[in-house]
2 protein chains.
Amino acid sequence: MDNYNLLQENIRKRIEVTEDEMSYFIFLLQQKKYSRKELILRESEISHNFTFIVSGCVKSYLIDNKGEEHILTIAPSDWWITDINSFVSGTPGNLFLEALEPTTALLLSREKQELLLAKIPKFEKYFRILTEKAFAVSQQRIIDYMSLTALERLEKFVASYPSVISSLTQQQIASYIGVTPSFFSRMIKGKKIF
Amino acid sequence: MDNYNLLQENIRKRIEVTEDEMSYFIFLLQQKKYSRKELILRESEISHNFTFIVSGCVKSYLIDNKGEEHILTIAPSDWWITDINSFVSGTPGNLFLEALEPTTALLLSREKQELLLAKIPKFEKYFRILTEKAFAVSQQRIIDYMSLTALERLEKFVASYPSVISSLTQQQIASYIGVTPSFFSRMIKGKKIF
DNA sequence: CATCTCAGTTGACCTAGGTCATTTTTCAAA
DNA sequence: TTTGAAAAATGACCTAGGTCAACTGAGATG
């Protein structure tokens, strides 16, 4: 199984496409490998690509004006990730993207995406569905932030992404759920969470 | 100018459509009027519709397990609103939708949307763009929640939605930015925010 | 005009989570 | 196998924001 299989399945789960259509999509992609801790995107750069994770894991995060890092999303394999704000507007974003482990990814640039969608409008549906799902997840995250305690958010995170947990440090999980590492440590003391 | 003009402009800002295509979209819509405080959607109902606000204002909110209300989004005229989670999955959601003032809306049901997209795939693009934008806004909201103080979030909210402020109570603004009404009151004391 | 309800304010006190510096543990690289 | 750096734990203290109840005030309703 090559590096495109995972993406092909991901697409076929959502829309029906012919071999030719699929080939054209794949033809537009650029494959890249990143080593652990390698930066894929820096703050104030324009996010030119939609990035599909074939293997490995990537986080997006921002550095606030106190210098604190906050993890926004964590993308394991079979997920797309980008700085959506920057990607959509074509303006510099405020997110970093960084590989958490050795990662293989497929990049679809905005221009290539436009080519793709112009030539095979069917893929509009694929991206609409992806974006709807991402939007729904993002909304739920806001809800959780407003209505759950840190411990509840942690439990939910662990339940939602059990496979990702092991490749994350406590600091990273703390950052994702929105607490400091030291509070996180105290919070889980005595409890068996993982 | 009738009730469909606003939507037509909204669409034409994003994609090019013929009169016929536009007419078909409009043909699928159901127009509804809501009075102040009228519930459009209740928790644990399925959100069958995408709702376009022609005039008035609608909020989406949830009630957490302590009985507290949290406002998730506020949609003034020219915006779409729904419980995206429920709408996309077709399962019962956990949001309420409520008119904040007398409101005229255009409803597009999931089935009608599917008809529309099947017949005129061009509209896929319209909904993809809408959803991308909504997703970007949602992501930014999470970022703000993680990295700003309550006062900073308030200032940002006021700057972003100046026209909406006047039709909201302090309690509602407090709920949107995620603080209690009493803290909100203290927080703005002495400051001229509005 | 009276009253009722609900938004907003305020006082007194509380707590979830933050800060910062120090220590201990883990784990990758030489 | 050692070593060095980063992750995690922890003590002492701090603060943003919450809680709850009492009070004020203004617009709606009779």
Side-chain angles (χ1 to χ4, degrees), chain A residues 35-39 56-57 59 61 63-71 74 98-102 142 144-158 164-194, chain B residues 35-38 57 59 61 63-71 74 98-102 142 144-158 164-194:
Chain A
S35 50
R36 197 172 123 80
K37 300 203 178 179
E38 184 173 349
L39 274 188
C57 195
K59 67 174 172 179
Y61 63 97
I63 308 284
D64 71 19
N65 47 31
K66 281 172 233 134
E68 301 293 330
E69 169 181 331
H70 303 276
I71 296 184
I74 292 173
E98 182 186 321
L100 290 170
E101 36 184 280
I142 295 172
D144 292 347
Y145 234 94
M146 294 197 301
S147 61
L148 302 180
T149 64
L151 186 57
E152 289 167 333
R153 274 178 273 144
L154 172 61
E155 286 162 348
K156 201 161 170 179
F157 178 67
V158 172
V164 183
I165 298 290
S166 55
S167 62
L168 297 177
T169 63
Q170 277 187 206
Q171 294 188 17
Q172 288 165 339
I173 301 172
S175 168
Y176 184 88
I177 65 168
V179 296
T180 58
S182 57
F183 179 72
F184 187 90
S185 168
R186 266 185 266 265
M187 179 173 77
I188 62 172
K189 193 163 106 183
K191 309 196 171 71
K192 35 189 167 358
I193 300 280
F194 308 109
Chain B
S35 51
R36 195 171 125 80
K37 301 202 177 178
E38 184 172 349
C57 195
K59 67 174 171 180
Y61 63 99
I63 308 284
D64 71 19
N65 45 33
K66 280 171 236 136
E68 300 294 331
E69 169 182 332
H70 302 276
I71 296 183
I74 293 172
E98 182 185 322
L100 290 172
E101 36 185 281
I142 296 172
D144 292 347
Y145 234 95
M146 295 199 299
S147 62
L148 301 180
T149 64
L151 186 57
E152 288 167 332
R153 288 194 306 267
L154 172 61
E155 285 162 349
K156 200 161 170 179
F157 178 67
V158 173
V164 183
I165 298 291
S166 56
S167 62
L168 297 177
T169 65
Q170 277 187 206
Q171 293 189 19
Q172 288 165 339
I173 301 173
S175 169
Y176 184 88
I177 66 167
V179 296
T180 58
S182 57
F183 179 72
F184 187 91
S185 169
R186 268 185 265 265
M187 179 173 77
I188 61 171
K189 193 163 106 182
K191 308 196 171 69
K192 36 190 168 349
I193 301 279
F194 309 109

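Keep in mind that what you see is a predicted model, and the values were worked out from it rather than measured. All chains are named by letter (A, B, ...) in the order of the sequence lines, taking the proteins before the strands, and each is independently numbered beginning at 1.
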Check your understanding: Just how far, in rounded Å, is P of C:dT24 from CD of A:Gln170?
Key -> 18 Å
**Study point:** Interatomic distance where CE belongs to B:Met187 and C1' belongs to C:dT10 [whole Å]
**Key:** 16 Å
Point to revise | Between C:dA7 (C1') and B:Gln172 (CD): distance, integer Å | key: 10 Å
**Study point:** Distance (rounded to the nearest 0.5 Å) between B:Phe184 CZ and B:Ile173 CD1
**Key:** 5.0 Å
Exercise for review: Determine the contact category for A:Ser185: base if any of its heavy atoms lies under 4.0 Å from a base atom, sugar-phosphate if only primed atoms, P, OP1 or OP2 are that close, otherwise nothing.
Suggested key: base
Point to revise | Under 3.5 Å donor-acceptor, A:Lys189 side chain and A:Ser185 backbone | key: no
Practice item. Would you kindly give the CG-to-P distance between B:Leu100 and C:dA7, to the nearest whole Å? Key: 12 Å
Check your understanding: Given atom CZ of B:Phe184 and atom P of C:dT10, what is their separation to the nearest angstrom?
Key -> 14 Å
**Study point:** side-chain N/O B:Lys189 vs C:dT9 OP1/OP2, d < 4.0 Å
**Key:** no
Exercise for review: Check B:Arg153 against B:Leu148 and note the closest heavy-atom contact, atom names and distance.
Suggested key: NH1-O, 3.1 Å
Check your understanding: Going from CD1 on B:Ile193 to CG on B:Leu151, what distance comes out if it is rounded to the nearest 0.5 angstrom?
Key -> 5.5 Å
Review point. Is the phosphate of C:dA7, meaning OP1 or OP2, less than 4.0 Å from a side-chain N or O of B:Gln171?
Key: yes
Exercise for review: Would you grab the first and last nucleotide of DNA chain D (5' to 3') that comes under 4.0 Å of any non-hydrogen atom in chain B?
Suggested key: D:dG17 to D:dC20
Point to revise | Electrostatic pair B:Lys59:B:Glu69 at N-O distance under 4.0 angstrom | key: yes
Exercise for review: Report yes or no: is there a donor-acceptor pair, N or O only, under 3.5 Å between the side chain of B:Arg186 and the base of C:dG11?
Suggested key: yes
**Study point:** Inter-residue atom distance A:Leu168.CG - A:Gln170.CD, 0.5 Å rounding
**Key:** 11.0 Å
